[in-house]
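Each chain gets a letter, A, B and so on, in the order its sequence line appears, and its residues count up from 1. Since the structure is predicted, the reported quantities are computational estimates derived from the model, not experimental observations.
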There are 2 protein chains.
Amino acid sequence: MAQERNTEELIIEAAKKIFVKRGLAGARMQDIADEAGINKAMLHYYYRSKEKLFEIVFNEAFSKVLGRLGNILNQPMPLEEKIRTLVENYIANIAETPYLPIFVLNEINQQPEMMVKRVSSQPAFPDMMLFMKEIIEAGKKGIIREVSPVQLFLNIVSMCIFPFVARPLIQGIFLQDNVQFDMLIEERKKLVGDVIISWLKP
Amino acid sequence: MAQERNTEELIIEAAKKIFVKRGLAGARMQDIADEAGINKAMLHYYYRSKEKLFEIVFNEAFSKVLGRLGNILNQPMPLEEKIRTLVENYIANIAETPYLPIFVLNEINQQPEMMVKRVSSQPAFPDMMLFMKEIIEAGKKGIIREVSPVQLFLNIVSMCIFPFVARPLIQGIFLQDNVQFDMLIEERKKLVGDVIISWLKP
DNA sequence: CCTTTGTTTAACCAGATGGTTAAATCATGT
DNA sequence: ACATGATTTAACCATCTGGTTAAACAAAGG
């Protein structure tokens, strides 16, 4: 073998970088090859087409953005603590790969059908449904205000993800440098929890 | 003149449709020409290049998404009423052109520099700054809890815009048809106000 | 009618892009 | 050393894409 390290992995790594940065339509196979330091023909040798390569990258990104929700959701915990932990962990997770959300959301909007089946086969899916049942029951018991679990979920995810999606806007309007943005995000780990909990107080 | 109605406007209308649907990288000049029912060369006759045409479309979209905030923000009103009105109107405005936000956000992420100057020259910009001052003062007076005006702003905009950006995901996970989605949005006009106000209660 | 000016069309072009091919190189088991 | 199968390369191809050009056409003024 001439390869220093696994070529397949090298390609995927490069493809990730280019696809996430430029999107499916904007990404060039040549750029991916350059990024991986290999010949363009090798991309087609290992992964038949641009679409095949993209699908692998997208699947992983999709799981990363949506999947991490499940980890926290199914752990036994008081509801308030669970929500606060969820928000904190989720924001921290997104912050590790801040460009994934806009990539995933944009591609999903480009090809909505593509993603419909993908959703229900997502490992986090059952946990989300259980969590929503928990919300309804807690509402009936009077532990929290009675709210639509879908709306609650939307509120949480909106406030966690949107700042990353709108990052250039936020930095352009309110802040100058990346340090201040990181501080803003850090502050949100607690703040978003506050917002949700105060709304849920009966 | 052979034109039935203003050709320039016809082109812009078609360009809007294609650019918003496919993005800058995914849009084809031929598709825009077809959509407008004219020859491809006419695009270059009226607007020199793809980039020039795109810039016009993007500017209008950008103003539509961000600009509508100003209208409500500078009207004299009790703070709570102002926030509720803001949320209601903003969601209604976005709902009229639900695909604009993801388009704008994605293109901004593709070329963050492009947008930095555009922001401060936005008519809504001064109103936003005044609103943020109002929040600080209301906090000091004890009318509301003391919160970061940037975070407040982010929370509002997140919960208003994100559902449209994540629409295919939401419909895939929770709902089936467009009617249910519209109901979800309708419900949010009041709900998002509730969330914000309950958080701001001192 | 003819000139001038603005508008529209068809044909064309150079470069980019995704993809292919055939030959070369390498690693390994015999 | 040699045969074999996997890996890598360079050259190539068909198509697409943004953009250009020259000529046709229309409208208005003289």
Practice prompt. Please identify each residue that fulfils ring pair (Phe, Tyr, Trp, His ring centres under 6.0 Å) with Phe131(A), with sequence neighbours left out.
Written response: none

Response to the item:
So the side chain to side chain donor-acceptor pair (under 3.5 Å) pairs with at least one residue in residues 159-169 of chain A (sequence neighbours excluded) are Arg167(A)-Asn178(A)

Practice prompt. Any chance you could measure Met114(B), atom CE, to Phe58(B), atom CZ, to the nearest 0.5 Å?
Written response: 4.0 Å

Worksheet item: Do Lys190(B) and Glu187(B) sit within salt-bridge range, that is, some charged N less than 4.0 Å from a carboxylate O?
Response: no

Discussion item. What is the separation between atom CE on Met42(B) and atom P on dC25(D), rounded to the nearest whole Å?
Written reply: 16 Å

Worksheet item: Under 4.0 Å between a side-chain N or O of Thr7(B) and OP1 or OP2 of dT8(C)?
Response: yes

Practice prompt. Specify the closest pair of heavy atoms between Pro163(A) and Ser158(A), including all atoms of both residues, with the distance to one decimal.
Written response: CD-O, 4.0 Å

Fill in: Distance, rounded to the nearest Å, where Ile38(B) contributes CD1 and dA10(C) contributes C1'
14 Å

Discussion item. Suppose we call two aromatic rings close when their centres sit under 6.0 Å apart. Are Phe162(B) and Phe162(A) close by that rule?
Written reply: no

Worksheet item: Between dG6(C) atom P and Glu8(B) atom CD, what is the distance in whole Å?
Response: 13 Å

Practice prompt. Could you tell me whether the phosphate oxygens of dT8(D), OP1 or OP2, come under 4.0 Å of any side-chain nitrogen or oxygen in Tyr46(A)?
Written response: yes

Worksheet entry | Whole angstrom value for the distance that separates C1' of dC16(D) from CD1 of Ile32(B) | 15 Å

Worksheet item: What integer distance in Å separates Ile11(B):CD1 from dG19(D):C1'?
Response: 15 Å

Item to complete: Would you mind reading off the distance between Lys52(B) atom NZ and dG18(D) atom P, rounded to a whole angstrom?
Response: 17 Å

Practice prompt. Produce a footprint string for nucleotides 13-24 of chain C: one letter per nucleotide, 5' end first; B if the base is under 4.0 Å from any protein heavy atom, S if only the sugar-phosphate is, - if neither.
Written response: ----SBBBB---

